[in-house]
Each structure stands twice: as structure tokens, then as C-alpha cells.
Amino acid sequence: MTLKAGLLTTCNSLIDHLPNIYPMVGGYRSMLLLVSPRAIGNLGLLLASFVLLLLGAEVFTNGVEWLGHRLGVSESATGSILAAVGTALPETMIPVIAIIHGLLTGTTEPANHVGVGAILGAPFMLATIAMFLVGGSVLYFSGRRVHGRQFHFNATATCRDLTFFVAGYALALLGAFLPPHLSVGPIPVEYGIAVVLVGLYILYVYRSLQTGELIADEGLESLYLGIVFERMGALLLDEGLDHDHGNNPHRRLVFLQTFLALGLIVAGAQIFVTEVRYFSIEVLHFPTAVLALLIAPLATELPEKFNSIIWISQDKDTLAIGNITGAMAFQSTIPVTLGILFTSWNLTLTWGTTGFLNALSAILALVSGGILYFRARSAGSGNMRPLPFLIGGLLYALFIAVVLYYVFYLQVSVSGGIH
């Protein structure tokens, strides 16, 4: 056999066996899609969305600090309420839209599948992978941080946030295991749970606004939009502007920057999720269960992660942890209430069902939140090592292993059936 014939035979053999070598991502033909014009365009959009998210997070963290300062809100409340709720809006809209679609069309499938997954995915990602990134960021930036490898934070505020998270999420989890149509007199139990959850978040906001120290002027960087205004004034006016908009910005300018940054974050998140969905399904052929349970929630929680990483690099640990624990308190009460009232709230302990994955994600989130609560409670000086945060990464890896076993071995679909 000639060298040319031998090479041809070898290449043909490799091509014939590629589907067996590369079965989990749709075979060798998927590789061709990666270099198609459409895929290249979508990759450009994916990178652009990532840039939008990073830019939006940087501008938002700067604006929301000034917003808290101008409103007279404490540093912990700025992170736990203003930053947390603001960056939680993109992922919160996913279940809201699914539920509204179901109510308008009379179909329960969007609410039961998309809604429940999005509602449970957000607190799980925050309690596990987001906390892992907090610990990892402390280690990564330790050389430039004042406190080095020590996480320096407001322990009282963090314990408060985690207390409301654990209480609210545990109550929501309990609601899934109560007998159907259970009521206390004429009032269904799920309505009572919903009222308690909303009341918990109102109490949480009240408690958050009553405690903590205000953000000091010397801890604030110049407002970015104010700097832009000053430079534009210097170019257009001979004498420039007669007010320091960077270091003493007007409240309206602070609001404008904060909302513009939120717009960048929402736009970046929407494009990012769309493109991740395209590459996951059209190119890599990941099962929709993997997309719904792992990839989409990870993408929608990027704003909180970026904000906290930026704040940790600036030694603003209270803002960094408050951004995540505040979002956890919000996600475990308000969106969860929608899930209890308007979806099947499918959480079970039956192995081999999607309901088990939903319940497992909630349990792991509670475990991670509980570990952080007890560790923060024992940190009287407000200093702790990042190890408790890193445990969240292990819990997330455990969940990934279970999901991949479900999808590729048990062949579980999003609807929970085994093929």
C-alpha cells in the first residue's frame, strides 16, 4: 500500500469513528457548525454581550454606591437591596414572562418547566457558584487587598441576610411537600405561605434600612457619568462646568448612570443567554435539561458575580457579599411566591424525575447558606478566611454530576420522564 493510500484509509477510518468519539455533543458534524458564518457571527454577539455585562457591572457598581450615599442608605443595605434587587431583575423576568404566557394562553407547560427552573436556579447559583467566586476572588486579589486573604465584612448584616434566606427558602421547600389542597379553614395553605414570604421580605427591607454604616465620601470613586459631563463641558465651554460632577454629583445624574448601567446589564444578559442557548442546542446539541438546569441560570447570574468580583478587588467586601446575600433573600421570597401560587411547584424526592433535581438544588442551596451563616455568626471581628465560600463550588460540582448522570445515563427530559 502506498503512503497516500495509507493516509487516505486512516482518515476515512477516523471519520467513520468520530460519531463514537464525540457522541455527547452531536457528532463530528457539529464541528463544522463552529466555523460556519452564522456561528462566527453568533460568537461575535456572545463576546459582545460579555463585554456589555462587564461594562455594565463596572458602571453599575460605581453608580449604585453613589446612589446609596445620596439616599443616606447604609453600605450593607446598598449591597443587599439596591444592588441585589437591581441585578436580580433580568433573571426574575424569566419566570414572570413564563407565568404570564401560561395565564394568557391557558397552558401550564411554560410556567411549570421554565418558571420553576428559573425560580430555583437563581438562589442555587447564588448560594453555590457565586459564593465560590467570592472566595476565589479574595485569594486572587489578595496581593493588592488591604486585608489580604481575609474576607472583611459586616458579619451582622450578612447573618441577617442569610437568616431571611434560609427561613424563606426552607418554608418554600416545605410548601412543596405538603398534601395537595391542604387548607386552614377557607384559606389554602399555599396562600398563607405566600403571604408569609412576602411579609418576610418586607421585614427584611425594613431591618436592612435600619442598620449599618453609611458609605463614606473618601471611599467613593468619582461618578463616571460626572467625569464624562466634565470633559464634555471642557470641550464645549471655554471655562468648563462650574460644578464638580464627578466628586459631588447631582442625585439625578446618579440615578441616570445607575439606570443606564442596568440597561447595559439587561441587554448583555439577554444577548448572552440567547447565544448560549444557540451554541448549546444548535452547535453542541446539549440536551435541553442541561440548558435549563445548568447553563441558563449560570448565565443569568453573571451580573451579581461580576459586581461582587469588582467590589472585592476594591476591598469593599461588605458590598460584595451583600450583593449576593441580598439577592438570595429576594430570590427566596418574592419569585418563590410566584412559583408557589402560579406553577406546579414540582419538587419531589423521587429519584429519576426532574422534580428530584429541583429539590436537590434547593437543598444544596440551603446547605451552602447554612454553612456560611454559622461561619459568619462565629466571625465576631468581621474577618474570615475564604474556605466556607469555596464549599459552594463543591456543592455545585456535585449537582453538575447528578444532572449529567440524569441526562446522559437515565435519559431524563425536562418534563421529568425517563426515555
Side-chain angles (χ1 to χ4, degrees), residues 45-46 48-73 75-97 118-119 121-123 125-126 130 133 201 205 208-209 215 220-229 245-246 249-276 296-312 314 316 319-331 334-335 338:
L45 287 174
L46 182 65
S49 69
F50 198 75
V51 172
L52 277 178
L53 281 169
L54 283 173
L55 178 62
E58 175 66 29
V59 177
F60 180 80
T61 53
N62 175 257
V64 82
E65 286 181 57
W66 274 106
L67 183 60
H69 180 70
R70 283 288 181 256
L71 296 177
V73 176
E75 183 181 35
S76 59
T78 298
S80 299
I81 299 176
L82 298 180
V85 175
T87 52
L89 289 178
E91 62 265 28
T92 303
M93 292 307 298
I94 295 175
V96 170
I97 291 172
I119 290 170
M125 292 293 172
L126 291 168
L133 290 176
Y201 190 70
V205 172
S208 299
L209 293 175
I215 300 176
L220 291 169
E221 294 185 12
S222 299
L223 186 75
Y224 295 155
L225 192 57
I227 296 175
V228 172
F229 267 59
H245 292 281
H250 194 278
R251 184 179 295 185
R252 284 176 293 184
L253 201 59
V254 174
F255 273 106
L256 179 60
Q257 174 174 315
T258 305
F259 283 110
L260 286 175
L262 272 178
L264 290 175
I265 289 173
V266 171
Q270 291 297 321
I271 298 172
F272 190 88
V273 171
T274 300
E275 298 312 317
V276 165
L298 183 64
T300 56
E301 295 303 323
L302 280 179
E304 286 90 341
K305 301 180 184 74
F306 285 156
N307 290 349
S308 293
I309 290 172
I310 291 170
W311 272 321
I312 287 174
Q314 299 172 351
K316 298 174 181 177
L319 285 169
I321 190 64
N323 181 45
I324 295 176
T325 56
M328 289 167 63
F330 173 78
Q331 296 285 3
I334 304 303
L338 299 176

Engineer: Checking side chain to side chain contact (heavy atoms under 4.5 Å, CB included) against F330, which of P123, S80, P335 comes through?
Structural biologist: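 Going through P123, S80, P335 one by one, the side chain to side chain contact (heavy atoms under 4.5 Å, CB included) with F330 is satisfied by P335 alone.
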Engineer: What are the two closest heavy atoms between A84 and G322, and how far apart are they?
Structural biologist: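 Heavy atoms of A84 and G322 come nearest at CB-O, 4.3 Å.
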Engineer: Of all residues at least two apart in sequence or in a different chain, which pass the side-chain hydrogen bond (donor to acceptor under 3.5 Å, both in side chains) check with Q257?
Structural biologist: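 Testing Q257 for side-chain hydrogen bond (donor to acceptor under 3.5 Å, both in side chains), a comparison that skips the adjacent residues, returns N62.
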Engineer: Excluding sequence neighbours, so at least two apart, what forms side-chain hydrogen bond (donor to acceptor under 3.5 Å, both in side chains) with Y201?
Structural biologist: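 Testing Y201 for side-chain hydrogen bond (donor to acceptor under 3.5 Å, both in side chains), a comparison that skips the adjacent residues, returns none.
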Engineer: Can you tell me how far apart CD1 (I310) and CD (E58) are? Round to the nearest 0.5 Å.
Structural biologist: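 Output value for this atom pair is 4.5 Å.
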Engineer: Checking I309 now: which residues fulfil side chain to side chain contact (heavy atoms under 4.5 Å, CB included) with it, not counting sequence neighbours?
Structural biologist: S137, F141
Engineer: Measure the spacing between OH of Y224 and CH2 of W66 and express it to the nearest 0.5 Å.
Structural biologist: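 It comes to 12.0 Å.
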Engineer: Does E221 form a side chain to side chain contact (heavy atoms under 4.5 Å, CB included) with E65? I'd like the steps, not just the answer.
Structural biologist: CA-CA 9 Å; E221 294 185 12; E65 286 181 57; over 6 Å; no
Engineer: Are I81 and V73 close enough, and set up right, to give a side chain to side chain contact (heavy atoms under 4.5 Å, CB included), and what steps lead you there?
Structural biologist: CA-CA 10 Å; I81 299 176; V73 176; over 6 Å; no
Engineer: Could you measure the distance from the CD atom of Q331 to the CD1 atom of I324? Nearest 0.5 Å is fine.
Structural biologist: 12.5 Å
Engineer: At their closest point, which heavy atom of S49 faces which heavy atom of G268, and how far apart are they?
Structural biologist: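 Closest approach of S49 to G268, heavy atoms only: CB-O, 3.4 Å.
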Engineer: Locate the shortest heavy-atom distance separating G79 from L319; write the atom from each residue and the value.
Structural biologist: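 Here G79 and L319 meet closest at N-CD2, 3.7 Å.
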Engineer: Rounded to the nearest 0.5 Å, what separates atom CG in L209 from atom CG in L71?
Structural biologist: 10.0 Å
Engineer: Rounded to the nearest 0.5 Å, what separation is found between the CZ atom of R70 and the OG1 atom of T258?
Structural biologist: 11.5 Å
Engineer: Hey, is the main chain of L67 close enough, under 3.5 Å, to the side chain of R251 for a donor-acceptor pair?
Structural biologist: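 No, because the side chain of R251 does not come within donor-acceptor range (under 3.5 Å) of the backbone of L67.
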Engineer: Identify the heavy atoms of A83 and V64 that sit nearest to each other, and give their distance.
Structural biologist: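 The answer is N-CG2, 3.9 Å.
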Engineer: What is the minimum heavy-atom distance between S308 and A320, and which atoms define it?
Structural biologist: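 Looks like OG-O, 2.8 Å.
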Engineer: Which atom names give the shortest non-hydrogen contact between G56 and A261, and what distance separates them?
Structural biologist: O-CB, 3.7 Å
Engineer: Let me confirm one number: the CD-CD1 distance from E304 to I265, rounded to the nearest 0.5 Å.
Structural biologist: 8.5 Å
